Every structure is written in structure tokens, then in C-alpha cells.
Amino acid sequence: MLAVHLENGAVTTRTLPVPHRPEGFALLRLLTAGICNTDLELQRGYYGFTGTPGHEFVAEVVEADTSALTGKRVAGEINLACTHCEWCRKGLGRHCPNRTVLGIVTHPGAFAEFFTLPERNLHVLPDDVPTHRAVFIEPLAAACEILDQVSIPAGEPIAVLGDGKLGLLIAMVLNAHGYPVHQFGRHPAKLAIAARTGVETHLAPASLPTAAYDWVVDATGNPEGLRSAAAMTRPRGTVILKSTIHGAVPVDTAPIIVNELTLVGSRCGRFESALPLLSNPLIRFDELIAARFPLAEAPKAFAQAAGAGEEVDYRNSLSGFVSHRCRCSP
Ligand SMILES: [Zn+2]
Ligand SMILES: [Zn+2]
């Protein structure tokens, strides 16, 4: 089978045997996958990754212990939890210390014709959700995670910093939940996507207000993001951190302590919260797709995803797309 291979920053394709399906796992055939900032971070050396990347996907079940799953179109949670540790027993497998992660930590990823995931990770997709929308469920769930972690009173304005794929999804999700969202970014064309759904957008950094919001989300993907977010937050306000950055970020703690800010780290979310939003017209998935490529052209897709940025600072927050036409689609 064809598989993408990442090693020392180089993206290539190679032919590998179809993976063995362990008990409790499903063998999946890739339909469509998305390249996200995390994949570009892996390419830069995050987690010392070598192997097949890919964690945002829609696939068809080829074989599983549960025969009813065969032939179903699925998305899948990316954390492979051990199921028996303290965290797993609390239902927090996403924090299992023994976990592997699809295409990120140890477990071979979805940028291949075939790959495996535990059956319990899979979610069968409703027939009326097109594959090119469903492929966003993983970052969509990450956006939804914010509202699982903090309860923001209805009507409270929320500032979102960053206009990459995740920043846009966060802004559109919060807006779809009825919050007034003010998004700050550096790319007029990207901000326009959120603006069309009713988000109030501002071109940064010219217009970054000081001590203006009780709720600020940093999704810039750059080390300056936290400082800007803290400066925008009112005393006793909350900053939600969505940027994962390779390497240490220097933080000036004085404004955080003086203003008694709450910092909330926020990562992956539950797919259950995201599933209903896949068909919400206020989330403009189609407009987040930069380009489509067959799997064999993955090196080109990675190059485009990494290089499409107009500004170096925001290079991290771009989305690309690998599209793989499966044998059974028309
Ligand atoms: Zn991702
Ligand atoms: Zn565990």
C-alpha cells in the first residue's frame, strides 16, 4: 500500500505492507485526510517523529471484530488509551500516560491507504455529512473542548487571537453557540471567512485592545500569542491557550499575577460535542480547504501547507489538505 513517510524533515511516499489488525482494532481504508499545523510541527522535529503522520481523516471500515462496522464511513479519536489506568477509568483516556497517538506518538498515522485504530475510537458518520466536512471533526472537537472546560456566561464577548484553521474554527464554533466573538488576525482573506458567519473581525496587530475582555483565546500558534492574549484580558479574566508551539515559550508572569488571570490549557476534544456541528451552516468548512491532492502527491501538499503563508509569524497556522480518492468512490 502507499504510505506517506516523514523523516528528518523530509516528506516522501513509500510502499508498505497493509498493517496487521490487532484484536479490538478496525482496519481502515483512507477516504480523505487533512494536513494541520501539528503535521508541520512534526516535520520540524516536534516529538522526534519518524514514520507515517496523519491524524485528521475520514475512512471506511474494511474489517473489524464488530461486523456491523464493516463498510461504514467513520472518523476516529486520535488517542489510543490503555483503558486500565487511573485516567482511563475516569473516562479521561485523552490524558492516559500510557497512550499512543495516531500519527503523532508511536501509532502509524492516517496518511496511508490503510491504517488501524481501536474500534472504541471510531464514530460512524451520518450519511448526510459530506466527507470533506467530516474530515474537520478532530480540530472541530478541539474547538468545542473550550466550552467543555470553562462555562462562559451567555452573551459574554470572547476575543479569539489568530486566524489559522483552528482560530477560525474556534471563532465560528463560539459564534454558532451564540457568543459575540471578536477575532484578531493578520490575514484579511482568512478573517473574511469568519466575518461571513457573523464574527466581528479585526486586522492585528494595529488594533489590539488592552484589558478589554474577560475571555480570550490564544490560537495564534506563535510564542507572542500568550503575551498579547494576557494584555487583552481584564483583571480576573481567563486566557484559554490553544497554541501548541515547538520549544519553550518565554512568559512574563507579572501581568498574569498582578491581574490574577486564569490560564486554561486546552487540547483535543470529544467528538460527541463536534458531531452535531458538522452540518451547521455557520461553520464554513469548505472555505478552509486550501487545496486538494492525491495521496501520492503528499510531498507537494506538505510544501504548500507549510509555504502558503504571507508572513513568517503566521506560517504555523495554515491548513493544507491531502485528498485521496478511494477505490470504491465514483
Ligand atoms: Zn490536527
Ligand atoms: Zn490509561
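Read the numbers this way: they start at 1 and go in the same order the structure lists the ligands and their atoms. Not measured: the values here are computed from a predicted model.
Judged purely by distance below 3.5 Å, without hydrogens or angles, the side chains of Thr131 and Arg73 pair a donor atom with an acceptor atom.
The angle subtended at the Zn ion (ligand 1) by OE2 of Glu56 and NE2 of His55 is 120°, given to the nearest 10°.
Sorted by chain and number, the protein atoms of type N, O or S within less than 2.8 Å of the Zn ion (ligand 2) are Cys82 SG, Cys85 SG, Cys88 SG, Cys96 SG.
To the nearest 0.5 Å, the span separating CG on Leu16 from CG on Leu2 amounts to 8.5 Å. Rounding to the nearest 0.5 Å gives a distance of 11.0 Å between CG of Leu203 and CD of Gln183.
The closest side-chain heavy-atom distance from Leu30 to Glu113 is not below 4.5 Å.
A salt bridge is absent between Asp252 and Arg227; no separation between the charged side-chain nitrogens and carboxylate oxygens falls under 4.0 Å.
Taking all atoms of both residues into account, the shortest heavy-atom contact from Ser273 to Asp148 is OG-OD2, 3.7 Å.
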